[in-house]
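Working notes, beginning with the structure itself.
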Amino acid sequence: MGFWVRALACIGAFVVAGMAAAQTAPPVAAKRPFMVTSPNGAREDDYYWLRDDTRKNPEMLAYLTAENAYTDSVLAPTKPLQETLYKEFVGRIKQDDSSVPYRRRGYWYYSRFTPGADYPVLARRKGSMSAPEEVLFDEPKLAEGKGYFAIGSTAISPSNQRVAYAEDTVGRRQYTLKVKDLSTGQTLSDAVANVEPGMVWADDNKTILYVEKDPVTLLSSRIKAHVLGTPASADRLVYEEKDTSFYIGIERTKSDKYICIGEESTVTNEYRCAPAADPTDFVVFTPREREFHYGVDHLDGRWVIRTNWNAKNYRLMQMSDRTPLGDRGKWKDLVKDRGEVFIQDVALYHGGVAVEERWNGLKRIRILPDKGESRYVSAEEPAYAMTLQDVGDPDTGWLRYTYDSLTTPTTTYETNLDTGVRRELKREPVIGYDAKDYVTERVWITARDGERVPVSLVYRKGFKRDGKAAMLQYAYGSYGNSTDPRFSLTTVSLLDRGMVYAIAHIRGGQEMGRAWYDDGHLLKKKNTFTDFIDVTRGLVKQGYAAKDRVAAQGGSAGGLLMGAVANMAPEDYRVMVAQVPFVDVVTTELDESIPLTSNEFDEWGNPKQKAYYDYMLSYSPYDNVAKKAYPALMVTTSLWDSQVQYFEPTKWVAKLRATKTDANPLVFRVNMEGGHGGKSGRFRRYRDVAEIDAFVLEQLGVK
C-alpha cells in the first residue's frame, strides 16, 4: 500500500439499527478508529473498516444490505410515483428500434432491438441493406442468467471472417477477450482474461493486439499479441508502459495501414506506430514531453496531427508518411491556432478533414476540403451539441455527425463533402414527445471571481420566471470532460411537471477551451465547486427557481462536486443526488493500490506533497463532514464499481449519519450487481432513474 494505516482501537461491534424490526431507523455503522498517516499528516478514520477489497466480508455486506433495506423503507411511499415515471420513460422508447448502419470493408453494420429486450442484436449485411442478415451477437441470449452483461467493444478481422470482442459479466470492467468465427458461428476456444475493451487485428487475420489490465490497480500498462489457437500464457509482450500515471490503448489508423499505441496521462501523451502488416517494431511518433499533447491519424499518404504545440487551444498539422517518425520539426500547419477556438476532434476523409471545435461554450463542426473554402455545419438552436461520427470507410463522400439539444432528440445527419447537401438519416424516436412544447436557452452567470459561466436551460413552454418553480441543476466539471446540452427522454417527465432543468458548464471541463480546464483542477479545483454554487444563486436571483426548491445532481467526479457543495453551501439546496461519488479524495490518492489512483495525480494533485495534501484535504467531502444541517441526500454506489470503489460513498454515508444535525432523509442505494454506470440493459437502468427522480420530486414538493 502507498501509505500506512495503524489501528488505534477496535471498539464496539457492528450495529445495524432496526434490523430485527421494520427498517424505520437508519443503519448505524460502529466507529472503529484508525489512524491514517502519510508523510504530510495524520487523520483518524472511524469507518475505514468498511473497506474490503475481496467484497466478501460478512459484516460489510450486512451493512450494505441494511442500507438497501432502509432505503426501501424510506422510499416506499414513492413507489406509485416510481412506477408512473418508469412507465413514462419506457413508453417513450421505440421497442423495435435499430441504429443507423455504417459501411466497413464491404459490409453494413448495425444493431437492432426486439420488443421488450434489454440488449440488442448486433448484425451486418454484405453489400447492401437488402442482403441477408448475418447475426454477429445475439446479446439477449448471451445475457441470459447473468446479473450484469456488456460487450465492451468488437473488432472485425481484415478478412471479415472473424470478430474479436470484449465481454464483462461482473461490471468491474475487467473484460475477457473472445473470438467468434463468423463463417461457422462458433466461438473459438481462445480466451484472454482481464483486458481492456479495444483491440485490433494484424493483417495476417490471426494476431490480435490487446491491452492487458493490472489485476489490482486496474491500470492498463501492457500491450500484448495473441495468436489464434495458442494459450494466453504464450502471448507476446509488445509494449509495456512503466510510468503508472499513463493509460494506454491501441487502434488502427483511418487508412488501415498502421496500428498505433497511444499512451496518455493528464499532462502529456505519446504515440508509437507500426505497419498493420507487421506490427512488431513500434516507432515513437514524437517523444513525450510534459504539457505537450498530440493525437495522430493517417490517410492518403499523410499523417494529420492534432496538437497543443505552441497552441493553447490546439491546431492541426500534417506530415508526409515518407518522412521518418520521431521529429516534430517536420510537421507543417494544416489549421493554425485560432485563439479562443478549441479544436476538440478531427476526422479524415479522402480530400479533406472535418474538425469538431468549441467556441463560446458550444460544439460545432467545420469542414475543410483540401481544395475549396471551408464551411460550418449549420445549427438552429441557442444551446446544442454536434458530434462527429467517425465511422465507416473514408471514401463515402459523406460526413456523418449527430445533432441534439435539450429539446431535440439525437439526430444523425450526413452532409455531402463536395456539395454541402445535408440529409437526415435518423431522429431518435421519442413516442408522444413534441419538441415544440419545450424551450431551451443559454444564459451566463457571473461567478464570484468575475468569470462568466455558461448555463444551458430547458423548460416546458408556458413557464413563468417568477421565482416559484422547482429546478434540477446538473454538472460534472473534471478531467476536461465537457457536459454538452444533450436530449434526455427521462428529463421530459420533470419538465412536464413544471420543473426547470439546468446544466452548469463549470470550470474543470473544456467548454470554454483549455484554460477553462486549467482553471478548474489541481490547486484551482475549488473554482469547480464555487462556480456551481454561484450558478445556483444566479438562476434563483433571475427567477428561474425558488430558493427552497433547488435540487442538485452529479456522478463520479460530479459526485465529488455534490459532496463538496453539500459541505460548502448546504442551505442553497433542498435535495442532492450523488451517484457513485468520489468523496474520499485524500485517502484514496494516498493509496496507489486502489484502482486508477496513480494516474490521477496531475488531475487532483499528489497528497504526498504538502501543498497538495493541504489543499485536497480542505475540500475532500468525507474529511469535511461537519455538525450542521445538510439537504436531503440520495447516494448511490455499486459493489463492483471499478472507477470509484464502493467504500468511498459507504464511509461518507456512515459519517454523515453520525454527524449531521438535520432530520432530512439520507438514503443510500447499493447496486450489488452493477458497475460504475449502474445496471446493464436497456430498460433496467430506468428503474434506477425513476427511483431517483421520485425522491427528488417528493423532496421538492412537485405534484
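Note that the structure is a prediction, hence the values are computed from the model and not measured.
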Note to self: Applying ring-ring contact (aromatic ring centres under 6.0 Å, His included) to Tyr438 and Tyr501, what does each step give before you reach the verdict?
What the structure shows: CA-CA 11 Å; Tyr438 305 86; Tyr501 179 71; over 10 Å; no
Next item on the list: Give the intermediate values and the outcome of side chain to side chain contact (heavy atoms under 4.5 Å, CB included) for residues Ile156 and Thr154.
Entry: CA-CA 7 Å; Ile156 303 291; Thr154 63; 5.6 Å; no
Margin query: Walk me through whether His505 and Ser456 qualify under side-chain hydrogen bond (donor to acceptor under 3.5 Å, both in side chains).
Written below: CA-CA 8 Å; His505 304 286; Ser456 298; 2.8 Å; yes
Notebook entry, point to check: Could you go step by step and tell me if Thr407 and Glu381 meet the side-chain hydrogen bond (donor to acceptor under 3.5 Å, both in side chains) rule?
Noted result: CA-CA 9 Å; Thr407 60; Glu381 296 176 277; 2.7 Å; yes
Next item on the list: Take Tyr349 and Thr396 through the side chain to side chain contact (heavy atoms under 4.5 Å, CB included) test and state the conclusion after the steps.
Entry: CA-CA 8 Å; Tyr349 61 89; Thr396 64; over 6 Å; no
Note to self: Using side chain to side chain contact (heavy atoms under 4.5 Å, CB included), reason through Leu209 and Tyr239 one step at a time and then give a plain yes or no.
What the structure shows: CA-CA 10 Å; Leu209 284 79; Tyr239 172 73; over 6 Å; no
Margin query: Evaluate Arg315 against Val335 for side chain to side chain contact (heavy atoms under 4.5 Å, CB included), listing each step before the verdict.
Written below: CA-CA 6 Å; Arg315 58 176 167 164; Val335 177; 5.8 Å; no
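Salt bridge absent: Asp256 and Lys254 never bring a charged side-chain N and a carboxylate O closer than 4.0 Å. One finds a salt bridge joining Lys426 and Glu428 here, because a Lys/Arg side-chain nitrogen approaches an Asp/Glu carboxylate oxygen to under 4.0 Å. The pair Asp204-Lys206 does not count as a salt bridge, with every side-chain nitrogen at least 4.0 angstrom from each carboxylate oxygen. A salt bridge links Asp393 and Arg104; the closest N-O separation between the charged side-chain nitrogens and carboxylate oxygens is under 4.0 Å. A salt bridge does not link Arg442 with Glu511: every distance from a Lys NZ or Arg NE/NH1/NH2 to an Asp or Glu carboxylate oxygen is 4.0 Å or more. We find that Glu133 and Arg112 are joined by a salt bridge, their nearest charged nitrogen and carboxylate oxygen being less than 4.0 Å apart. Glu270 and Arg272 are joined by a salt bridge, as a carboxylate oxygen and a charged side-chain nitrogen come within less than 4.0 angstrom of each other.
A cation-pi arrangement is found for Lys180 relative to Phe137, the charged atom lying closer than 6.0 Å to the ring centre and inside a 45° cone about the ring normal. Both cation-pi conditions hold for Arg423 and Trp398: the charged atom is under 6.0 angstrom from the six-membered ring centre and inside a 45 degree cone around its axis. Taking the ring axis of Trp201 as reference, the NZ or CZ atom of Arg162 does not stay both within 45° of it and closer than 6.0 Å to the ring centre.
Tyr110 meets the ring-ring contact (aromatic ring centres under 6.0 Å, His included) test with no other residue; sequence neighbours excluded. Under the ring-ring contact (aromatic ring centres under 6.0 Å, His included) criterion, Phe149 pairs with Tyr119, sequence neighbours left out.
The aromatic rings of Tyr413 and Tyr403 sit perpendicular to each other, their planes meeting at more than 60°, with 30° as the lower class boundary. By the 30° and 60° cut-offs, the orientation of the rings of His293 relative to Tyr314 is tilted.
At distances below 3.5 Å, at least one donor-acceptor pair connects side-chain atoms of Asn313 with backbone N or O atoms of Gly339. No side-chain donor-acceptor contact under 3.5 Å links Ser220 to the backbone of Tyr247. A donor-acceptor contact shorter than 3.5 Å links the side chain of Asp118 to the backbone of Phe683. With hydrogens and angles ignored, the 3.5 Å screen pairs a side-chain donor or acceptor of Asp190 with a backbone N or O of Gly229. Put simply, the side chain of Asp297 never gets that close to the backbone of Val304: no donor and acceptor are under 3.5 Å apart. At distances below 3.5 Å, at least one donor-acceptor pair connects side-chain atoms of Asn416 with backbone N or O atoms of Thr419. Between the side chain of Thr412 and the backbone N or O of Thr410, no donor-acceptor pair lies under 3.5 Å. The closest donor-acceptor contact from the side chain of Arg306 to the backbone of Ile343 lies under 3.5 Å. Without hydrogens or angle criteria, Asp235 side chain to Lys224 main chain gives no donor-acceptor distance under 3.5 Å. The main-chain N or O of Tyr107 is never found under 3.5 Å from a side-chain atom of Asn160 such that the two would form a donor-acceptor pair.
Within 6.0 Å of atom CH2 in Trp359, 12 or fewer heavy atoms from other residues, nucleotides or ligands are found, so the atom counts as exposed in its surroundings. By the neighbour-count criterion of 12 heavy atoms within 6.0 Å, atom CZ of Arg322 is sparsely surrounded, having that number or fewer from other residues, nucleotides or ligands. Applying the 6.0 Å contact sphere to CD of Gln161 captures more than 12 heavy atoms from other residues, nucleotides or ligands. Taking a 6.0 Å sphere around NZ of Lys141, one finds it holds 12 or fewer heavy atoms contributed by other residues, nucleotides or ligands. Shown here is Lys146, whose NZ atom has more than 12 heavy atoms of other residues, nucleotides or ligands within 6.0 Å. Enclosure of atom CD in Glu424 by more than 12 non-hydrogen atoms of other residues, nucleotides or ligands within 6.0 angstrom is indicated.
Proximity of Ile365 to Leu399: side-chain heavy atoms (C-beta onward) are separated by under 4.5 Å at one or more points. Put simply, the side chain of Tyr401 reaches to within 4.5 Å of the side chain of Arg422, judged on heavy atoms. For the pair Arg328/Met317, no side-chain contact is recorded, criterion being any heavy-atom separation below 4.5 Å from C-beta on. Contact of the Asp337 side chain with the Asn310 side chain is not registered, since no non-hydrogen atoms from C-beta on lie closer than 4.5 Å. In this structure the side chain of Cys260 never reaches within 4.5 angstrom of the side chain of Phe285, judged on heavy atoms. At a threshold of 4.5 Å between non-hydrogen side-chain atoms, the residues Arg682 and Asp97 count as touching. Looking at Glu263 and Ile223, their side chains never come closer than 4.5 Å, going by heavy atoms from C-beta outward.
When ring centroids are compared, Tyr175 and Tyr210 stay outside the 6.0 Å threshold. Aromatic ring centres of Trp640 and Tyr148: separated by at least 6.0 Å. Not less than 6.0 angstrom separates the ring centroid of Tyr294 from the ring centroid of Trp303.
The nearest pair of heavy atoms linking Tyr384 to Ser405 is CA-CB, 4.0 Å. Across all their heavy atoms, Phe246 and Glu241 have their closest contact at CB-CG, 3.8 Å. Nearest heavy atom pair, residue Gly198 against residue Ile250, reads O-CG2, 4.2 Å. Contact between Arg375 and Thr415 at its shortest, heavy atoms only, is NH2-OG1, 4.3 Å. Across Thr266 and Asn599, no two heavy atoms sit closer than the pair OG1-O, 4.0 Å. Scanning both residues, Val377 and Met386, for their nearest heavy atoms gives O-CE, 3.4 Å.
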